[in-house]
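Remarks on the structure that follows.
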Amino acid sequence: MTAALVAGLVAGYGIAVPVGAVAAYLVSLTARTSLRTGVCAALGVATADGLYALIATVGGAAVAGVLRPVLTPLRWASALVLLVLAARGAVPALRRYRAHRLSTRSVPPPPSPARAYLGLLGITLLNPTTVIYFAALVLGNGADGAVRAVDRGVFVLAAFAASASWQVLLAGGGALLGRSLTGRRGRLATALVSSAVMTALAIRMVT
């Protein structure tokens with residue numbers, strides 16, 4: 001259970017840490033409205049991460065018998081997927097940093113806490129990287145069917161908790177923290193940290 005807890009926390013932070021358009025909007029939304037609205041929006045993001053983690057674990061268990069004969073090639077393929085995701089996070093961040101570019105977008109009128117939750121939930125659910133990330137982790141580590149249901153549950157809850165803690169930190173950090181994390185250097189640092197986590201998980205799968 002401890003291993004599942006740690007794996008879930010690492011996986012949750014790995015997908016949550018990169019600061020992109022959603023995180024930047026979350027910070028600015030909190031600054032323009034209230035901490036309550038920001039926390040609700042943050043939980044919307046974390047709920048989407050938790051749902052994708054749940055879908056990935058349930059799917060991994062359902063096809064365990066089919067995947068068992070090709071478990072070793074699958075783990076290598078899953079590791080490769082994570083390495084690709086890591087590269088896709090780090091390389092664009094480095095290019096943006098060197099080009100001194102930051103994406104900007106107009107923001108809609110501040111929503112209510114409920115609308116903020118549903119809005120960020122929907123936006124995050126539309127991100128295919130999240131489901132690919134969790135599916136690669138689960139199929140790469142647990143497709144042999146030996147993982148207990150309780151451990152899968154712990155993994156999902158830990159991934160949700162990790163994502164929620166990071167998103168709430170963004171929401172509650174205020175304007176100073178927001179400028180630090182959504183600025184040019186902040187985006188570079190968080191992208192590199194997330195890519196490093198994904199790379200470490202990929203290496204762990206095949207060693």
Side-chain angles (χ1 to χ4, degrees), residues 1-20 22-23 45-97 124-167 187-207:
M1 184 177 295
T2 301
L5 175 64
V6 173
L9 290 174
V10 172
Y13 282 120
I15 195 62
V17 164
V19 173
V22 173
V45 178
T47 299
D49 289 342
L51 286 174
Y52 271 141
L54 176 62
I55 292 170
T57 55
V58 171
V63 298
V66 177
L67 296 177
R68 189 175 294 111
V70 292
L71 182 59
T72 298
L74 180 61
R75 280 181 172 160
W76 279 96
S78 299
L80 180 60
V81 168
L82 288 178
L83 290 175
V84 170
L85 291 176
R88 290 184 61 185
V91 173
L94 287 169
R95 289 176 178 171
R96 286 194 301 266
Y97 181 80
T124 310
L125 285 175
L126 293 176
N127 182 8
T129 301
T130 307
V131 68
I132 293 172
Y133 173 82
F134 280 115
L137 285 180
V138 173
L139 294 179
N141 288 303
D144 57 1
V147 181
R148 298 177 302 168
V150 64
D151 288 332
R152 296 181 187 276
V154 169
F155 174 87
V156 172
L157 290 176
F160 168 80
S163 177
S165 66
W166 178 257
Q167 306 301 339
R187 290 195 178 195
L188 175 64
T190 54
L192 293 179
V193 168
S194 176
S195 295
V197 170
M198 292 184 190
T199 301
L201 290 170
I203 294 173
R204 178 176 174 272
M205 284 182 185
V206 296
T207 56

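These numbers were taken from a predicted model, which means no experiment stands behind them. Numbering of residues begins at 1 and proceeds along the displayed sequence.
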Next item on the list: Return the set of residues passing side-chain contact (heavy atoms from CB on, under 4.5 Å) with Leu9 (not counting sequence neighbours), or none when no residue passes.
Entry: Leu5, Ala158, Ala162
Notebook entry, point to check: How far apart are the closest heavy atoms of Ser165 and Tyr13, and which atoms are they?
Noted result: OG-OH, 2.8 Å
Checklist line | Pairing residues for Ala90 by the side-chain contact (heavy atoms from CB on, under 4.5 Å) criterion, not counting sequence neighbours | finding: Leu192, Ser195
Check: Does Val156 have any side-chain contact (heavy atoms from CB on, under 4.5 Å) partners at least two apart in sequence or in another chain, and if so, which?
Finding: Ala53, Leu54, Thr57
Item checked: Gap between atom OG1 of Thr47 and atom CZ of Phe160 - 0.5 Å precision -> 4.5 Å
Check: Ala87 and Pro92: which non-hydrogen atoms are nearest, and at how many Å?
Finding: O-CD, 3.6 Å
